[in-house]
There are 2 protein chains.
Amino acid sequence: MRIGELARAAGVKAETIRYYEREGVLASPPRTQANYRDYGPEHARRLNFIRRARDLGFSMTRIRELLELADDRSRACHAVDTLARAHLGEVNRKIADLEALRRELRRMLENCEQGTVGTCLVIEALAEGTEA
Amino acid sequence: MRIGELARAAGVKAETIRYYEREGVLASPPRTQANYRDYGPEHARRLNFIRRARDLGFSMTRIRELLELADDRSRACHAVDTLARAHLGEVNRKIADLEALRRELRRMLENCEQGTVGTCLVIEALAEGTEA
DNA sequence: TATACACCTTGTAGTCGCTACAAGGTCAAG
DNA sequence: CTTGACCTTGTAGCGACTACAAGGTGTATA
């Protein structure tokens, strides 16, 4: 299986696959006579894992850790759970931040909706330090 | 007022201020004899505006637009409102994405909480394509 | 006066996770 | 024999900073 085919199968670009190889999260496959990368099903599985973790927002660093744990079948589960839980915490924080931000944006916009011309209240809200 | 003082006042690093100047969102201040940047209160106000907009998640490009509108006191309000509203839309989308992601992470972790050893269900959830 | 130290200057490179592009090699079909 | 799709490598760009190097300035103290 060549890189383009694998890319289509996984829904990523060929460049991304090469990037994962450079980054050391995807093993270098054997090469054909023409020096083309030649992937097998285990590469596809690995790439799938990486993509799913990325889609869930795990960083490359975290994914490296997850892969290490995943490869050590014996004593993985607890450590994996810890990583995933830490990540969930980060996601929760991000959501909370964005919700606070949304409240503020809405407050700003409510004021502006009253049709005030001339001096724009949104601009003023930005200029003054209305405490984030 | 020198760059360090302004930085402390605004809660950013001096490098960030120089970056804003390079990017053209903060005007180049006059220089002292020693070639130090010499800021006045209007710079502080401008920097405040930028920081507040950044904290609200506006991109530098958006901020450039906001500043242009803010500087044209006459016909700003409607355009500003539109920008802010578009931004609110983006924030809403981000929150929805993160919430979907959180649901998935939680589902993964619930399975793992049952104390399964050996074959970790979190790893399996990542390996299989449990439909994001 | 010397010197130590905090502060300033410029320019360059690194961060993250790709993405884009250039310049060239390979292979099958028409 | 040429076209076109695919592959190769290497390098540079994105956004919003951040870090660092190498050097100049200003002030307080020994």
Side-chain angles (χ1 to χ4, degrees), chain A residues 1-26 28-40 43 46-67 87 90-91 94 97-98 101 132, chain B residues 1-26 28-40 43 46-67 87 90-91 94 97-98 101 132:
Chain A
M1 182 189 227
R2 295 195 300 189
I3 198 168
E5 198 185 340
L6 178 61
R8 272 188 299 280
V12 300
K13 309 209 167 191
E15 279 113 332
T16 305
I17 296 177
R18 283 192 282 261
Y19 166 72
Y20 289 156
E21 183 180 335
R22 271 202 309 285
E23 290 299 297
V25 291
L26 192 62
S28 303
R31 301 293 184 118
T32 66
Q33 279 191 329
N35 195 31
Y36 290 0
R37 287 172 179 82
D38 187 18
Y39 294 99
H43 290 102
R46 187 76 148 195
L47 178 54
N48 242 347
F49 185 104
I50 296 167
R51 282 314 310 168
R52 242 188 94 58
R54 284 292 304 132
D55 287 345
L56 287 169
F58 286 93
S59 69
M60 291 298 278
T61 305
R62 282 277 169 84
I63 287 175
R64 248 182 287 268
E65 295 168 10
L66 282 172
L67 285 170
H87 184 56
E90 279 169 36
V91 170
K94 257 183 217 167
D97 285 355
L98 281 171
L101 194 155
Chain B
M1 181 187 228
R2 296 195 300 190
I3 199 167
E5 197 185 340
L6 178 61
R8 272 187 300 279
V12 301
K13 307 209 167 191
E15 279 113 332
T16 305
I17 296 175
R18 283 191 283 261
Y19 166 72
Y20 288 155
E21 183 179 336
R22 271 202 310 283
E23 290 298 297
V25 291
L26 192 61
S28 304
R31 302 292 184 119
T32 66
Q33 279 191 329
N35 194 32
Y36 290 0
R37 286 173 179 81
D38 187 18
Y39 293 99
H43 290 102
R46 188 73 147 195
L47 179 54
N48 242 348
F49 185 104
I50 297 166
R51 281 316 309 170
R52 241 187 94 59
R54 284 292 304 131
D55 287 345
L56 287 169
F58 286 93
S59 69
M60 292 298 278
T61 305
R62 282 277 169 85
I63 288 174
R64 247 182 287 269
E65 293 168 12
L66 283 172
L67 285 170
H87 184 56
E90 278 169 36
V91 170
K94 257 183 217 166
D97 286 354
L98 281 172
L101 196 154

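All heavy atoms count here, side chains included; hydrogens, waters and symmetry mates do not. Residue numbers begin at 1 in each chain, while the letters A, B, ... track the order of the sequences.
- Taking 4.5 Å as the limit, some side-chain heavy atom of Arg54(A) sits within range of a side-chain heavy atom of Met60(A).
- Distances were taken from every side-chain heavy atom of Met60(A) (C-beta onward) to each of dC17(D), dC6(D), dC18(C); the shortest belongs to dC18(C).
- Arg31(B) comes within 4.0 angstrom of sugar-phosphate atoms only, judged by non-hydrogen atoms across all strands, and of no base.
- One atom, CD of Gln33(A), and another, P of dA28(C), lie 11 Å apart when rounded to the nearest Å.
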Is there a side chain to side chain contact (heavy atoms under 4.5 Å, CB included) between Leu101(A) and Leu98(A) once you walk through the steps?
CA-CA 5 Å; Leu101(A) 194 155; Leu98(A) 281 171; 4.2 Å; yes
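- Atom pair Glu90(A):CD and dC16(C):P shows a separation of 14 Å (rounding to whole Å applied).
- Between Arg51(B) and Ile3(A), the residue anchored closer to the 5' end of DNA chain D is Ile3(A), taking for each the nucleotide with the nearest heavy atom.
- A salt bridge does not link Arg37(B) with Glu5(B): every distance from a Lys NZ or Arg NE/NH1/NH2 to an Asp or Glu carboxylate oxygen is 4.0 Å or more.
- Within the 4.0 Å cut-off from OP1 or OP2 of dT9(C), at least one side-chain nitrogen or oxygen of Arg37(B) is found.
- Residues of residues 6-26 of chain B having a heavy atom closer than 4.0 Å to DNA chain C, listed by number: Arg18(B).
- Summarising the geometry, the separation between CG on Asn35(A) and C1' on dC7(D) is reported as 9 Å, rounded to the nearest angstrom.
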Starting from the C-alpha separation in whole Å, work towards a yes-or-no answer on side chain to side chain contact (heavy atoms under 4.5 Å, CB included) for Asp38(B) and Arg31(B).
CA-CA 5 Å; Asp38(B) 187 18; Arg31(B) 302 292 184 119; over 6 Å; no
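- Residue contacts shown for Thr32(A) are absent, as no nucleic acid heavy atom lies under 4.0 Å away.
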Derivation and outcome, side chain to side chain contact (heavy atoms under 4.5 Å, CB included), residues Arg46(A) and Leu67(A):
CA-CA 9 Å; Arg46(A) 187 76 148 195; Leu67(A) 285 170; 3.6 Å; yes
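- Rounded to whole angstrom, the span from the CG atom of Leu47(A) across to the P atom of dC18(C) amounts to 11 Å.
- In this structure, the side chains of Glu21(B) and Pro29(B) come closer than 4.5 Å at one or more pairs of heavy atoms.
- In this structure, CD of Glu5(B) is placed 14 Å from C1' of dC8(C), rounded to the nearest angstrom.
- For the pair Arg54(B) and dC17(D), the criterion of a side-chain N or O lying under 4.0 Å from OP1 or OP2 is met.
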Glu23(A) and Arg18(A): salt bridge (charged side-chain N to carboxylate O under 4.0 Å, His left out), yes or no, with the steps?
CA-CA 9 Å; Glu23(A) 290 299 297; Arg18(A) 283 192 282 261; over 6 Å; no
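- Between the CG atom of Asp55(B) and the P atom of dA16(D) there is a distance of 13 Å, given to the nearest Å.
- Taking atom CG on Asp38(B) and atom P on dT9(C), their separation rounds to 10 Å, with Å as the unit.
- Distance OH (Tyr36(A)) to P (dT9(D)): 11 Å, rounded to an integer number of Å.
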